[in-house]
Amino acid sequence: MAVSEENPEIIKEKDLERKKKKADKAREKELKRQKALEKAAKLQAQQASNNQKKSEKKLVKRGGEEENPEEFLDPPTPFGEKKRISSQMAKQYSPTAVEKSWYSWWEKSGFFVADAKSSKPPFAIVLPPPNVTGALHIGHALTVAIEDTIVRWRRMSGYNTLWVPGMDHAGIATQVVVEKKIMRERKLTRHDLGREKFVSEVWDWKNKYGGTILQQLRGLGASLDWSRECFTMDEKSSRAVTEAFVRLHKNKLIKRDERLVNWDCVLRTAISDIEVEHIEIKGRTLLNVPGYDKPVEFGVLTSFAYPLEGELGEIVVATTRVETMLGDTAIAIHPDDPRYNHLHGKYAIHPFNGRKLPIVCDAKLVDPKFGSGAVKITPAHDRNDFEVRKDHDLESINIFTDDGKINSSGGSEFAGMPRFKAREAVIEALKKKGLYRGAKGNEMRLGICSRTNDVVEPLSKPQWYVDCNNIAKKGLDAVMDEEKKKIEIIPKQYATEWKRWLENIRDWCVSRQLWWGHRVPAWYVTLEDDELKEINSYKDHWVIARNEDDAQEEASRLYNGKKFHLSQDPDVLDTWFSSGLFPLAVLGWPDDTEDLKAFYPTSDLETGHDILFFWVARMVMLGTELGGDVPFRKVYLHPMIRDAHGRKMSKSLGNVVDPLEVINGISLEGLHKRLEEGNLDPKELTVAKEGQVKDFPNGIPECGADALRFALISYTAQSDKINLDIQRVVGYRQWCNKLWNAVRFSMSKLGDDYVPPTNVNPENLPFSCQWILSLLNRAILKTIAALESYKFSDATSTVYSWWQYQLCDVFIEAIKPFFAGSDPKFETARRFARDTLWLCLDNGLRLLHPFMPYVTEELWQRLPSSRDQTAMESIMICKYPSIVECWTNERVEYEMDLVDSTVKSLRSLANERRERQHDRLSKVVSAFAYKEKDPLHI
């Protein structure tokens, strides 16, 4: 069936209707859009009106002037002049802006300089002299933070304060740096240059590059007396070192003897115990050793046999240093070991040179249950064997040259071989003779030189020694004997370590085979008729003198009428010898100077506990013997700094914290770049970068010196190790912003014309003002007590708590209503609040200044001066806050505690109520949701 077509007129009508609906919708949409635009316009106009009102309010407050951004910026300050601060306080604290210019003005103004003729009580302290090669590290930052806090506090407390800066010539470290430099630049060794030219090169390097660290210390705010700066190789120090050596020799406390020393074959010198790092080896281990192409194997116990004289068979011994058998001079057995009863008094025969080795009985040296029960003895290359030599009158044969090769005493077959290549050659030679008995892995401790990574070789060498027995006893008594006590060590637990060191002290080897350092003031006398002409051929041919003329005179007296030739000892003195004289030398000893009379003994010594023996004990021994008294009265030993995870800081871990990077800030890329510029191998570099990404994913933000100092001091409660978390430093940088804003708010309430009162009677003050002054008194008392007892962390905690929780969080909030309007009835309260606020800021900033010198100086300079005070140029020479008896009000404190506890209780109840309401609401919502899911559920 055909379908008829729809009427065209009907279609037209439908189209018109659709178009009409579409037009209506478009009009409706446009209407909504217009309404939205009108609403937005109204809102924008309202915001503009509000902004205008705010702007008008600011203009009214500031006399109708528009805000000028330049008013918030510090004008440029010429170097050394007092900092020119902005007319308006910046809206946020900036470490860079705050910490510039103040230091150069402090220094130029002479605020750091002590006066030896002052009538004030003296307080003196020496800065542990950093190495001339050194760069600022976090340990230096901790030292400066603590010492500058002590010094600034004492200075403000009315003491004639002396803090002496200095640098150590660092014999080995400096010589190594310059040797590498001339090799890198000119492909020359020091021996190519000769001694005189090389020493001249070192002085040139020192004058050009050395001492950078002292400039960096200025950035930390260290208020050192730079007019007394010294260097352990300057003329004054050199004279003190020579005089000390001569006097100690005259008092029979210095002698020359041949003993075993720690020998570095790369440096070709004896090194001190502190420069030897011991690593634990669990078994066969390959290590890279300087001068060898291939790694050397350690942790191997090699056994071999010595043939016995008279065809008695053989005796087997074992050693981890088989090359030293070339210098064996005996074999030891236990006297009660039945296996060897038949060998008492017999001999073994050395397989390479035929030397007869006596078999000696020694119950102290030999453990019959260990190994074969027989021990090879090499007196020239083993400390235990060296001591045994004396008991059995054994020969000592040195088989090594100074650079670690086998010498002629080791036999022609091995002469000239480097020691560890000789090790392989000796094993092969033993195998050929049928004397090799095998090898196995063995645990051992290996001494490594911290300067060169060379394996330390015990070597018999003639050296100069200080006899420490008697002077150590005086040092021990100065700390441990209650009747003779002169020194207090803080924390007390280190007194036990002091006792252990000094009761077991050995003579101190002070010779070093270097060219950079104090030349030993000793001359060898070669007589014309001497059969042997080499230096040290005769032990009694040495003279000690202050200079060559005195040596000539002394030799003429000793060898009257004989012809002779003088040769000065080529060795230099241990760096610790000059460092040990530091408190004496910096004050002018051996002359009886004004400084020496005014400041010796010094008051305190502050340093790390790791050098308690190497530096502190030696200063005490030398100071007592040469200065007539101990060099200081108190020793404060700070903790060692580790990373946030408690790990030792190491370049290979990427966790080394550079204080300058904390002060100035650095990106993660910048941290990576520092690693890349070092000498890490690719694997170590990868690990180090991963460590930095984990610990510093966003780098280190700029924190400033004040925040770093405060954080480090706050950590000192950890008496052994500090686990440094940079986020804590960042937190104190944010706290500096809190201080800044507190003072900025306060200045707006004090007003430009405010004049502080001559005195304040607390009885007339509002309750909140009485309360804050009483707590300020308490904070002052606790801070001073903490500083006096060297509890620096307690001091920072007290100051922080008062500023943060009492002044900012409570008092400033409590007085804000007084300034909310201009109601005349609040005028008296406003005046009292202003006076109290000024007292809090003035005392609070002075209380905080020793810890944070820069921000406190900047903020204090903005405070109006009191009429009854002589205007001080700087906060650092103001008086440190002291107790004001009439401020203490225990009743007000008690009442405030009640108010505080009540408020806390109400808040707690309110929180509990909100939680209960939240729980009920949650249950209702849950029930409703359940019902929605199951509408039939009743």
Side-chain angles (χ1 to χ4, degrees), residues 129 131-133 166-176 190 195 198-199 202-203 206 230-259 261-264 267-275 451 461-468 471 506-524 535-536 542-548 550-551 567-586 589-590 611 613-615 617-619 621-623 625-627:
N131 287 352
V132 67
T133 57
M167 274 192 308
D168 194 289
H169 65 278
I172 292 177
T174 308
Q175 180 161 314
V176 168
R190 63 182 165 111
R195 183 170 192 143
F198 177 77
V199 171
V202 181
W203 275 109
K206 182 265 175 189
C230 63
F231 176 53
T232 54
M233 283 281 285
D234 63 23
E235 186 178 345
K236 183 169 70 172
S237 296
S238 296
R239 183 164 171 259
V241 168
T242 298
E243 185 65 26
F245 193 94
V246 171
R247 291 194 190 185
L248 290 171
H249 182 266
K250 185 179 179 181
N251 295 343
K252 302 188 184 310
L253 291 174
I254 281 187
K255 54 194 175 185
R256 189 170 178 83
D257 197 5
E258 183 165 342
R259 305 181 189 179
V261 297
N262 299 313
W263 190 262
D264 185 302
L267 296 171
R268 303 185 196 183
T269 181
I271 59 175
S272 68
D273 289 343
I274 199 173
E275 287 153 337
R451 303 288 180 187
K461 285 280 186 180
Q463 306 278 297
W464 295 101
Y465 288 88
V466 175
D467 183 344
C468 294
I471 55 177
R506 298 198 304 257
D507 287 350
W508 173 16
C509 174
V510 292
S511 302
R512 295 293 181 268
Q513 290 64 48
L514 303 170
W515 288 357
W516 172 245
H518 297 101
R519 192 89 174 259
V520 177
W523 282 260
Y524 184 76
I535 289 181
N536 210 49
W542 288 94
V543 293
I544 309 300
R546 293 174 179 83
N547 51 57
E548 190 166 354
D550 288 357
S567 303
Q568 188 173 0
D569 191 336
D571 291 354
V572 299
L573 290 166
D574 179 15
T575 300
W576 292 106
F577 188 82
S578 53
S579 299
L581 295 166
F582 199 65
L584 284 168
V586 297
W589 184 91
I611 52 175
F613 171 73
F614 294 102
W615 189 44
R618 286 165 175 171
M619 281 191 288
M621 291 190 291
L622 293 176
E625 180 65 25
L626 299 169

**Q** State which residue, out of Val572, Asp571, Leu573, Ile271, fulfils the side-chain contact (heavy atoms from CB on, under 4.5 Å) condition with Leu514.
**A** Val572
**Q** Among Val543, Ile254, Val466, whose side-chain contact (heavy atoms from CB on, under 4.5 Å) with His249 holds?
**A** Ile254
**Q** Would you mind telling me which of Arg256, Arg259, Gln513, Glu258 makes a side-chain contact (heavy atoms from CB on, under 4.5 Å) with Gln463?
**A** Gln513
**Q** Considering all heavy atoms of both residues, which atom of Ser237 and which atom of Thr232 are nearest to each other, and what is their separation?
**A** CB-O, 3.5 Å
**Q** Quick one: closest heavy-atom pair of Thr575 and Gly171, and the distance?
**A** OG1-N, 3.0 Å
**Q** Could you report the tightest heavy-atom contact between Trp203 and Met233, atom names first, then the distance?
**A** CH2-O, 3.7 Å
**Q** Any salt bridge between Arg239 and Glu243, counting N to O under 4.0 Å?
**A** no
**Q** Can you tell me if Asn131 uses its side chain to pair, donor with acceptor, with the backbone of Thr133 under 3.5 Å?
**A** no
**Q** Take a 6.0 Å sphere around CZ of Arg506 and say whether it holds more than 12 heavy atoms from other residues, nucleotides or ligands.
**A** no
**Q** Output, in order, the C-alpha distance, side-chain angles, deciding distance and verdict of side chain to side chain donor-acceptor pair (under 3.5 Å) for Trp508 and Asp574.
**A** CA-CA 10 Å; Trp508 173 16; Asp574 179 15; 3.2 Å; yes
**Q** Return the CD to CH2 distance between Glu548 and Trp523, rounded to the nearest 0.5 Å.
**A** 6.5 Å
**Q** Locate the shortest heavy-atom distance separating Ala522 from Ile544; write the atom from each residue and the value.
**A** CB-CD1, 3.5 Å
**Q** Give the minimum heavy-atom separation between Gln568 and Pro521, together with the two atoms involved.
**A** NE2-CA, 4.3 Å
**Q** Where does the angle between the aromatic ring planes of His169 and His518 fall among parallel (under 30°), tilted (30 to 60°) and perpendicular (over 60°)?
**A** perpendicular
**Q** If I compare all heavy atoms of Leu622 with all of Phe577, which pair ends up nearest, and what's the gap?
**A** CD1-O, 3.9 Å
**Q** Would you tell me whether Ser238 and Glu235 have side-chain atoms, one donor and one acceptor, within less than 3.5 Å of each other?
**A** no
**Q** What's the separation between atom OG1 in Thr269 and atom CD in Gln175, rounded to the nearest 0.5 Å?
**A** 8.0 Å
